[in-house]
J.: 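Sending over a structure as structure tokens; questions will come in a sec.
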Amino acid sequence: MPEPRTSTSKARTHRMPTADPRTVDRLRANIGGLSTATLKQLDRSLPWYRGLTPDERSALGLVAQKGIASFVNWYERPASPAWVLSDVFGTAPTELTRSISLQKALQLIRVVVEVVEDKVPELTAEADQVRLREAVLRYSREVAFAAADVYARAAETRGSWDTRLEALVVDAILRGESSDALRSRVAAVGWKSKADITVFVGCSPAEPSASFVNELRRATGRLAEDTLVGIQGDRLILVLGGVEPNEAAYLRLSELFGPGPVVYGPIAASLVDASASARAAFAGLAAARAWPQAPRPVAADDLWPERVISGDDSARRALIRGIYRPLVNAANGLAETVSTYLTLGHSLEATARELFVHANTVRYRLKRVCDITGWDPLLPREAFVLQTALVVGRLSEPTDPPPDGQPSRATDGR
């Protein structure tokens, strides 16, 4: 029976035999020729190589030349392959991994191996040719593994940088940075969507991980053209481009958030204009607990009353601009009608008696209120929005000065 192979015998089979000094001398003497032959072969056999810029071709040439020189050193004194990373790829710029894919890098290694193998008969005696070819193959394997490691490290670094850059873009949107700086960062992060922007905010999971962010991207990729993800403490921000504004899509997006309310801001025309939408969404998130029955998700504009009460001045201005002014400027006493209707407990008959008109006239005027403002006074929640708009609108009107000789309340001693 054959003897079992021990770890010592296994290690002995992988030990490189002592190199022939004459072969080493010939290899050193032909480094330049092998490098030149390699570059010519790259130009002939790889179409993508011919399309590179001069700087990129020069960098690849240095990699090939350094690889051949390092092979000679390795062939003379075989050692751990750890040196390959710094020896072969140390001369290549970091940007090379962006313009040259791993597949192309392996194609380059294959060409180098083929050139050296073809030159083996010229580099050593016939008795040493098998040994040299085996060394070339083993060396090419180590270089291939080293190349894969270089690209893996570059991808990891690039992923970390892209994540930080994305966080900076989201933060710039929230803070409303200058458009020029924001456009530059948006271009760097790779945003391509030209469609409208929607900003969602809500609670993030307790411990969001990298896999959670990847899941977010996959999920939003089916609903939006582009996505920016921001996690700030316990808040999750999604900046989405090209989302169809329908209930089904918004409901699916809300399921990506943690427990609690989810608020989306008004539609923005671009990322530069998304700051106001994001601020409205955050203001709505802060005030959402005042409306326990709010849907999930809920529009920031549907939370105007709660936002006003919590001190959001932009909501106050929106109520005046979107509801109060149109009602006051409308004909047929719409503001008076809706105010009376709300004051008298939503009673059509009582409103008609108070205004000395027919109940159908009240119905017509309330319908006109809905047409003009988009809010229906016959629905309790929307009636609350209209009533809040009337209150903040009246408070915004300048007070009339008191008649001459009559003290104002502020100066009256009572």
J.: Inspect the contact between Glu247 and Arg296 and indicate whether a charged nitrogen and a carboxylate oxygen are less than 4.0 angstrom apart.
T.: no
J.: If you measure from OG1 on Thr198 to CD on Glu244, what distance do you get to the nearest 0.5 Å?
T.: 10.0 Å
J.: Closer than 3.5 angstrom, by distance alone: can the side chain of Arg289 be matched with the main-chain N or O of Ala286 as a donor-acceptor pair?
T.: yes
J.: Which heavy atom of Tyr341 sits nearest a heavy atom of Leu378, and at what distance?
T.: OH-CD2, 3.2 Å
J.: What's the verdict on side-chain contact (heavy atoms from CB on, under 4.5 Å) for Ile323 and Leu386, showing C-alpha distance, side-chain angles and the deciding distance?
T.: CA-CA 7 Å; Ile323 297 178; Leu386 289 166; 3.6 Å; yes
J.: Among residues at least two apart in sequence or on other chains, which ones pass ring-ring contact (aromatic ring centres under 6.0 Å, His included) with His358?
T.: none
J.: Do the side chains of Ser277 and Ile267 get nearer than 4.5 Å, heavy atoms only?
T.: no
J.: Taking all heavy atoms of Ile372 and all of Ala330, pick out the closest pair and write down the distance.
T.: CD1-CB, 3.8 Å
J.: Indicate yes or no: at least one non-hydrogen side-chain atom of Val308 is less than 4.5 angstrom from one of Leu319.
T.: yes
J.: Give the intermediate values and the outcome of side-chain contact (heavy atoms from CB on, under 4.5 Å) for residues Thr373 and Leu327.
T.: CA-CA 8 Å; Thr373 66; Leu327 286 178; 3.9 Å; yes
J.: Of all heavy-atom pairs between Ala274 and Ile197, which one has the smallest distance, and what is that distance?
T.: CB-CG2, 4.1 Å
J.: Go through Leu256 and Thr220 one step at a time and tell me if the side-chain contact (heavy atoms from CB on, under 4.5 Å) criterion holds.
T.: CA-CA 9 Å; Leu256 304 175; Thr220 57; 3.7 Å; yes
J.: How close do Val263 and Gly284 get, heavy atom to heavy atom, and via which atoms?
T.: CG2-C, 3.9 Å
J.: How about Ile237 and Phe282: do any of their side-chain heavy atoms sit closer than 4.5 Å?
T.: yes
J.: Nearest 0.5 Å, please: how far is CZ in Arg218 from OG1 in Thr227?
T.: 12.5 Å
J.: Considering all heavy atoms of both residues, which atom of Phe257 and which atom of Leu236 are nearest to each other, and what is their separation?
T.: CE2-O, 3.3 Å
J.: Under the salt bridge (charged side-chain N to carboxylate O under 4.0 Å, His left out) definition, can you give me all pairs with a residue in residues 31-49, not counting sequence neighbours?
T.: Asp43-Arg57
J.: Give me each pair satisfying side-chain hydrogen bond (donor to acceptor under 3.5 Å, both in side chains) with a member in residues 381-395, each pair once, sequence neighbours excluded.
T.: Glu306-Arg381, Ser339-Arg394
J.: Hey, does Leu285 have a side-chain heavy atom less than 4.5 Å from the side chain of Arg235?
T.: yes
J.: Would you say the side-chain atoms of Arg365 pair up with the backbone N or O of Asn332, donor to acceptor, closer than 3.5 Å?
T.: yes
J.: Please list, chain by chain and in numerical order, all residues satisfying side-chain hydrogen bond (donor to acceptor under 3.5 Å, both in side chains) with Arg353, sequence neighbours excluded.
T.: none
J.: Nearest heavy-atom pair of Leu348 and Leu366: which atoms, and what distance?
T.: CD2-CD1, 3.7 Å
J.: Would you say the side chain of Trp375 lies within less than 4.5 Å of the side chain of Trp304, judging by non-hydrogen atoms?
T.: yes
J.: Under the side-chain hydrogen bond (donor to acceptor under 3.5 Å, both in side chains) test, which residues partner Arg321, sequence neighbours left out?
T.: none
J.: Quick one: pull up CD in Glu114 and OG1 in Thr38 and give me the separation to the nearest 0.5 Å.
T.: 10.0 Å
J.: Can you find a heavy atom in the side chain of Thr36 that is under 4.5 Å from one in the side chain of Leu39?
T.: no
J.: In the structure I gave you, are the side-chain heavy atoms of Val357 and Val362 within less than 4.5 Å of one another anywhere?
T.: yes
J.: For residues 250-272, which residue pairs qualify under side-chain hydrogen bond (donor to acceptor under 3.5 Å, both in side chains), counting only residues two or more places apart or in two chains?
T.: Ser270-Asp273
J.: For Arg28, does the CZ atom have more than 12 heavy-atom neighbours from other residues, nucleotides or ligands under 6.0 Å away?
T.: yes
J.: Taking atom types as modelled, find out whether Asp312 and Ser314 have a side-chain donor-acceptor pair closer than 3.5 angstrom.
T.: yes
J.: Could you walk me through whether Leu390 and Val338 pass side-chain contact (heavy atoms from CB on, under 4.5 Å), step by step?
T.: CA-CA 9 Å; Leu390 291 173; Val338 70; 4.0 Å; yes
J.: Could you check whether any side-chain heavy atom of Leu303 comes within less than 4.5 Å of a side-chain heavy atom of Val298, counting everything from C-beta outward?
T.: yes
J.: Between the main-chain N or O of Ala287 and the side-chain N or O of Arg307, is there a donor-acceptor pair closer than 3.5 Å?
T.: no
